Amino acid sequence: MDNLVEQVVKREKNAKYYLNIVLIILGAILIPTTFIVIALLSRRAYFIYIALFLALFCIYGLWYFITALNIEYEYGFLAGTFRVDKIIAKRNRKNILKIDAKAIDDIFKYSDEEMSKRTFNKVYQVGASDYSDDNYVFTFVSEARGKCAVVFSPKEKTLAALRPYLKHEVSKKLY
């Protein structure tokens, strides 16, 4: 009997997150304000209607884009298949990665030193934060992308479920 292990990891809010919020708010303020100024300078009534319509649209856009910055990753492991889904604002789900555990070539605890020794064609950042010592990295080779690395934040339960399906030398290195 196969065990299903699922884990949801909420993305931490960093400086980039707050900078994006500030830029979204500035855009939501500047767009209708620009049209109001144009309407007052040109004395055209239809510019005021456009500005009011844009203001309403920007209020909706403000809510939509700020909530879209709330990202979670769901790790799922069943029958030797590890998958990662990206959940955006709890309304959209996108499959990021689906891989057979036997295809994993290496797994190790994240460190800048270890990552700088290696080269990858593609790095999937699907952890709670990008550069944390709590993260793990596993590598595999994809036909489409070449050598890939996945930086993720698993709990012990997720690692324990993954371990029996790994190659022996990879599993031995993990523990």
Side-chain angles (χ1 to χ4, degrees), residues 1-25 61-175:
M1 183 171 118
D2 291 320
N3 291 333
L4 171 65
V5 177
E6 292 185 326
Q7 176 187 346
V8 176
V9 176
K10 189 171 177 110
R11 190 84 171 149
E12 292 178 359
K13 294 169 177 41
N14 54 16
K16 182 180 173 184
Y17 171 84
Y18 293 109
L19 178 65
N20 284 336
I21 286 178
V22 168
L23 292 175
I24 291 168
I25 291 171
L62 182 72
W63 167 81
Y64 185 83
F65 288 118
I66 287 178
T67 58
L69 294 175
N70 295 326
I71 295 174
E72 297 175 338
Y73 293 103
E74 181 184 47
Y75 311 141
F77 188 75
L78 177 65
T81 303
F82 185 77
R83 66 173 169 72
V84 179
D85 293 332
K86 182 178 184 179
I87 303 169
I88 303 167
K90 296 184 180 178
R91 62 177 169 246
N92 294 340
R93 177 183 290 261
K94 180 181 177 188
N95 186 354
I96 301 293
L97 177 70
K98 186 174 183 181
I99 183 171
D100 185 21
K102 294 189 186 324
I104 295 175
D105 296 329
D106 195 10
I107 189 165
F108 54 92
K109 194 108 164 119
Y110 179 87
S111 73
D112 290 330
E113 177 182 309
E114 187 69 31
M115 290 297 283
S116 64
K117 291 179 190 175
R118 303 166 186 246
T119 57
F120 302 105
N121 295 346
K122 174 77 175 164
V123 177
Y124 296 94
Q125 293 281 0
V126 295
S129 63
D130 288 339
Y131 309 106
S132 172
D133 291 336
D134 296 334
N135 288 344
Y136 281 83
V137 179
F138 70 80
T139 63
F140 65 97
V141 177
S142 167
E143 291 179 17
R145 298 195 189 269
K147 188 157 176 100
C148 300
V150 177
V151 180
F152 69 122
S153 305
K155 292 183 179 174
E156 285 301 320
K157 185 177 179 182
T158 306
L159 288 175
L162 185 62
R163 184 176 184 203
Y165 293 93
L166 296 172
K167 297 174 190 169
H168 180 68
E169 57 275 358
V170 176
S171 176
K172 200 172 171 182
K173 186 178 178 184
L174 180 61
Y175 289 96

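The structure displayed is predicted, hence computed values, not measured ones.
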Novice: Quick one: closest heavy-atom pair of Pro164 and Ala161, and the distance?
Specialist: CD-O, 3.4 Å

Novice: Glu6: which residues meet the salt bridge (charged side-chain N to carboxylate O under 4.0 Å, His left out) condition with it, sequence neighbours left out?
Specialist: Arg83

Novice: Under the ring-ring contact (aromatic ring centres under 6.0 Å, His included) test, which residues partner Phe77, sequence neighbours left out?
Specialist: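 In terms of ring-ring contact (aromatic ring centres under 6.0 Å, His included), with neighbours along the sequence ignored, Phe77 is linked to Tyr165.
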
Novice: Asn92: which residues meet the side-chain hydrogen bond (donor to acceptor under 3.5 Å, both in side chains) condition with it, sequence neighbours left out?
Specialist: none

Novice: Name each donor-acceptor pair under 3.5 Å that joins a side chain in residues 94-102 to protein atoms two or more places apart or in another chain, with its distance.
Specialist:
residue	atom	partner	partner atom	Å
Asn95	OD1	Leu97	N	3.1

Novice: Please tell me if the side chains of Phe152 and Val9 come closer than 4.5 Å, counting only heavy atoms from C-beta onward.
Specialist: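 Heavy-atom side-chain distance check fails, nothing below 4.5 Å.
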
Novice: How would you list, by chain and number, every residue that makes a side-chain contact (heavy atoms from CB on, under 4.5 Å) with Ile66, sequence neighbours excluded?
Specialist: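 With neighbours one apart ignored, the set is Ile21, Ile24, Ile25, Leu62.
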
Novice: Of all residues at least two apart in sequence or in a different chain, which pass the side-chain contact (heavy atoms from CB on, under 4.5 Å) check with Glu12?
Specialist: Ala128, Ser129

Novice: With rounding to the nearest 0.5 Å, note down the distance linking CD1 in Ile88 to OG1 in Thr67.
Specialist: 10.5 Å

Novice: Just to verify, what does Arg145 make a side-chain hydrogen bond (donor to acceptor under 3.5 Å, both in side chains) with, not counting sequence neighbours?
Specialist: Tyr124

Novice: Does Gln7 have any side-chain hydrogen bond (donor to acceptor under 3.5 Å, both in side chains) partners at least two apart in sequence or in another chain, and if so, which?
Specialist: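 Here the qualifying residues are Thr158.
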
Novice: Step through the shown structure and confirm whether more than 12 heavy atoms of other residues, nucleotides or ligands are within 6.0 Å of NZ on Lys157.
Specialist: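 Counting other residues, nucleotides and ligands, NZ of Lys157 stays at 12 neighbours or fewer.
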
Novice: Where do Gln125 and Tyr73 come nearest, in terms of heavy atoms and distance?
Specialist: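 Where Gln125 meets Tyr73 most closely, the heavy atoms are O-OH, 3.4 Å.
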
Novice: Can you check side-chain contact (heavy atoms from CB on, under 4.5 Å) on Val126 and Tyr75, steps first, answer last?
Specialist: CA-CA 9 Å; Val126 295; Tyr75 311 141; 4.2 Å; yes

Novice: Is it the case that over 12 heavy atoms from other parts of the model lie below 6.0 angstrom from the CZ atom of Phe120?
Specialist: yes

Novice: Say you draw a straight line from CG of Asn121 to NZ of Lys147; how long is it, rounded to the nearest 0.5 Å?
Specialist: 9.5 Å

Novice: Measure from NZ or CZ of Arg118 to the centre of the six-membered ring of Phe108, then state whether that distance is under 6.0 Å and the direction lies within 45° of the axis.
Specialist: yes

Novice: Do you know the tightest heavy-atom contact between Trp63 and Arg91?
Specialist: CH2-NH1, 3.7 Å

Novice: Quick one: side-chain contact (heavy atoms from CB on, under 4.5 Å) partners of Lys16, sequence neighbours excluded?
Specialist: Asn14, Asn20

Novice: Quick check on Tyr64: does its OH atom have over 12 non-hydrogen neighbours (other residues, nucleotides or ligands) under 6.0 Å away?
Specialist: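 Atom OH in Tyr64 is not packed in, count stays at 12 or less.
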
Novice: Using the test side-chain hydrogen bond (donor to acceptor under 3.5 Å, both in side chains), find all partners of Asp105 that sit at least two apart in sequence or belong to another chain.
Specialist: Lys167

Novice: Classify the side-chain pair Asp112/Tyr110 by whether it contains a donor and acceptor separated by less than 3.5 Å.
Specialist: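 A pair is found: one side chain offers a donor N or O, the other an acceptor, under 3.5 Å apart.
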
Novice: What is the distance from atom NZ of Lys10 to atom OG of Ser153, rounded to the nearest 0.5 Å?
Specialist: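 Spacing of NZ (Lys10) from OG (Ser153) equals 14.5 Å.
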
Novice: Could you pull out all residues at least two apart from Glu113 that satisfy side-chain contact (heavy atoms from CB on, under 4.5 Å)?
Specialist: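 With sequence neighbours excluded, Glu113 shows a side-chain contact (heavy atoms from CB on, under 4.5 Å) to Ser111, Lys117, given in chain and number order.
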
Novice: Are any of the side-chain heavy atoms of Ile71 and Lys86 separated by less than 4.5 Å?
Specialist: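 Answer yes - side chains close enough.
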
Novice: Looking at NZ of Lys13 and OH of Tyr18, how far apart are the two atoms once the value is rounded to the nearest 0.5 Å?
Specialist: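 Result: 6.5 Å between the selected atoms.
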
Novice: Where is the tightest heavy-atom contact between Ile104 and Phe140, given as atom of each residue plus distance?
Specialist: CA-CB, 4.4 Å

Novice: The test is side-chain contact (heavy atoms from CB on, under 4.5 Å); show your working for Ile87 and Glu74 and say whether it passes.
Specialist: CA-CA 7 Å; Ile87 303 169; Glu74 181 184 47; 4.1 Å; yes

Novice: Specify the closest pair of heavy atoms between Asn135 and Gly127, including all atoms of both residues, with the distance to one decimal.
Specialist: OD1-CA, 4.5 Å

